[in-house]
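First comes the structure, then the notes that go with it.
We name chains A, B, ... by the order of the sequence lines, and we start the count at 1 in each one. Here the structure is a predicted model, which means the values were calculated and not measured.
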Amino acid sequence: MDTSRLKRRGPCAWELPATGRMRVPGVIFASKELVQEMDDKVAEQVANVASLPGIVDASYAMPDAHWGYGFPIGGVAAFDADEGGVVSAGGVGFDISCGVRTLHTGLKEADLRAVQKPLADLLFARIPAGVGSTGALHLSAAEMDAMLRGGARWAVKAGYGSEADLTHIEEHGCVTGADPAAVSDMAKKRQRDEMGTLGSGNHYLEVQVMDEVFDAVAARAYGLAVGDVVVSIHCGSRGLGHQIGTDFLREMVVAASQAGIALPDRELACAPIKSALGQRYLGAMRAGINCALANRQILTHLAREAFAALLPGARLPLLYDVSHNTCKEETHTSADGHKRRLFVHRKGATRAFGPGHAELPPAFGKVGQPVLIGGSMGTASWILAGAAGAEERAFGSACHGAGRAMSRNAALRRWHGRDVVDELAAKGILIRSPSFRGVAEEAPLAYKDVAEVVEAADRAGLARRVARLRPLICIKG
DNA sequence: ATGTGC
């Protein structure tokens with residue numbers, strides 16, 4: 001990115017001053033190196049988002065930001081409904097409520113090494129993964145609606161997991177305001193057989209070991225110590241979320257022009273929050289969030305069953321579940337000092353509420369919410385904690401992952417999936433995937449260095465580094 | 001991300 005247009009606001013914050021159609025400035029949170037590596041398209045997209053009606057304070061990009069559909073991936077923007085604010089399908093992303101959850105296992109690395117290979121094979125046998133994968137559940141129309149309303153709460157009632165899990169999920173596992181009637185029959189049809197499936201791309205289920213601690217107080221609050229084995233699940237709302245995005249994007253292109261909203265890019269299609277379409281999208285999008293929460297809850301149950309078969313007595317309580325493709329109505333204090341209800345779009349950005357936030361479970365109240373950052377396959381993942389002051393910086397948001405450094409096609413030209421699997425196996429990391437092509441696309445070096453990204457998030461005051469996780473087993477979609 | 005590509 002050409003940094004000559006940017007004003008440095010701090011060691012890891014860069015302002016893109018408001019010019020032309022921009023209603024507010026842009027702010028990119030990144031080190032000098034990361035901002036220089038970013039595509040110019042990121043600045044262009046940050047500026048485009050800043051031109052949308054009702055945007056509050058600034059259009060933000062996280063340290064892992066890269067070019068996306070309309071909004072950058074790693075983009076955060078909040079809108080005030082009373083000031084003509086909008087909601088945008090492209091500002092949430094197609095994989096609605098894609099996110100990460102991490103489970104404790106109570107095991108140490110040596111316990112896991114003793115069963116590593118059979119556990120990898122059993123998890124791969126039990127966890128449906130890959131394009132078009134289907135699960136054991138086949139929802140009736142009534143069950144579908146109940147799932148879309150109930151989220152992980154519905155899944156627990158259906159026998160997947162326990163009540164205790166729900167207190168460790170954002171919104172306690174179920175967002176209110178979901179409207180199954182706003183979800184198309186096509187979206188429901190695509191999801192009917194896909195509950196409890198991982199999907200493809202960068203989605204995974206990993207068994208990991210915590211290998212370094214950076215904040216001992218927060219690690220203790222999260223119940224983590226060096227050598228602990230955890231399980232992390234990264235996936236979203238599968239075909240349902242994608243179809244909701246497709247359906248509403250089409251409608252929003254028409255609606256934006258009817259509402260007289262001039263779009264610098266048609267991919268920014270949006271609707272006023274206070275419009276029938278805006279409300280219908282919010283209802284459908286919230287149903288999509290509940291679908292993703294239910295999906296991760298069922299996958300959790302499948303992982304617990306696999307562990308129980310090989311490691312009787314192992315318990316896998318939930319540490320936390322976060323989403324990184326959402327629009328949520330939240331109360332924030334804007335730069336003018338006023339408290340107000342805002343519609344916060346986080347696309348490829350994780351919520352990162354700091355210490356003392358009322359919505360956090362009591363155990364996390366003093367240290368801030370766990371911010372779960374998925375690494376690329378074969379590399380480290382990270383656990384961060386929402387920082388004090390994060391809410392004033394980007395409405396309580398942080399990065400979500402490493403971010404691609406290379407296109408899928410470029411990765412396919414450079415690597416063979418089988419070689420990637422063999423090389424990682426030699427390092428003690430077992431990969432199981434239905435697709436060698438997918439493995440090649442997800443080769444570790446096709447991604448940016450996640451350590452640089454989380455360091456920038458920490459230095460920017462968005463989230464503090466708590467612990468680093470190293471993979472042992474990866475079930476890849 | 002995606003019954004992977006207008």
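Using a cut-off of 4.0 Å between Lys/Arg side-chain N and Asp/Glu carboxylate O, A/K328 and A/E359 are scored as not salt-bridged. One finds no salt bridge joining A/R464 and A/D458 here, because no Lys/Arg side-chain nitrogen approaches an Asp/Glu carboxylate oxygen to under 4.0 Å.
Atom pair A/Q191:CD and B/dT2:P shows a separation of 10 Å (rounding to whole Å applied). Between the CG atom of A/L249 and the C1' atom of B/dC6 there is a distance of 14 Å, given to the nearest Å. Here B/dT4 presents its P atom at 16 Å from CG of A/L412, a figure rounded to the nearest Å. One can place CG of A/D193 at 15 Å from P of B/dT2, the figure rounded to the nearest angstrom. Between A/L240 atom CG and B/dT2 atom P there is a gap of 12 Å when expressed in whole angstrom units. Atom CZ in A/R250 sits about 13 Å away from atom P in B/dC6, given to the nearest Å. Following rounding to the nearest Å, A/E441 (CD) and B/dT4 (P) show an atom-to-atom distance of 13 Å. The OH atom of A/Y69 sits 18 Å away from the P atom of B/dT4 (whole-angstrom rounding).
Here side chain to side chain donor-acceptor pair (under 3.5 Å) pairs that include residues 36-54 of chain A, with residues two or more places apart or in two chains, number zero.
Heavy atoms of A/G236 sit nowhere under 4.0 angstrom from any nucleic acid atom. Using a 4.0 Å heavy-atom distance criterion, A/E194 is classed as a sugar-phosphate-only contact.
Between A/R408 and B/dT4 there is no side-chain N or O to OP1 or OP2 distance below 4.0 Å. Distances shorter than 4.0 Å separate none of the side-chain N or O atoms of A/S200 from OP1 or OP2 on B/dT4.
Of the residues near DNA chain B, A/R437 and A/L198, the one whose nearest nucleotide (by heavy atom distance) lies more toward the 5' end is A/L198.
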Indicate every side-chain donor-acceptor pair of residues 127-136 of chain A with a distance under 3.5 Å to a residue at least two apart or in another chain.
unit_1, atom_1, unit_2, atom_2, d
A/S133, OG, A/G130, O, 2.8
A/S133, OG, A/R238, NH2, 3.3

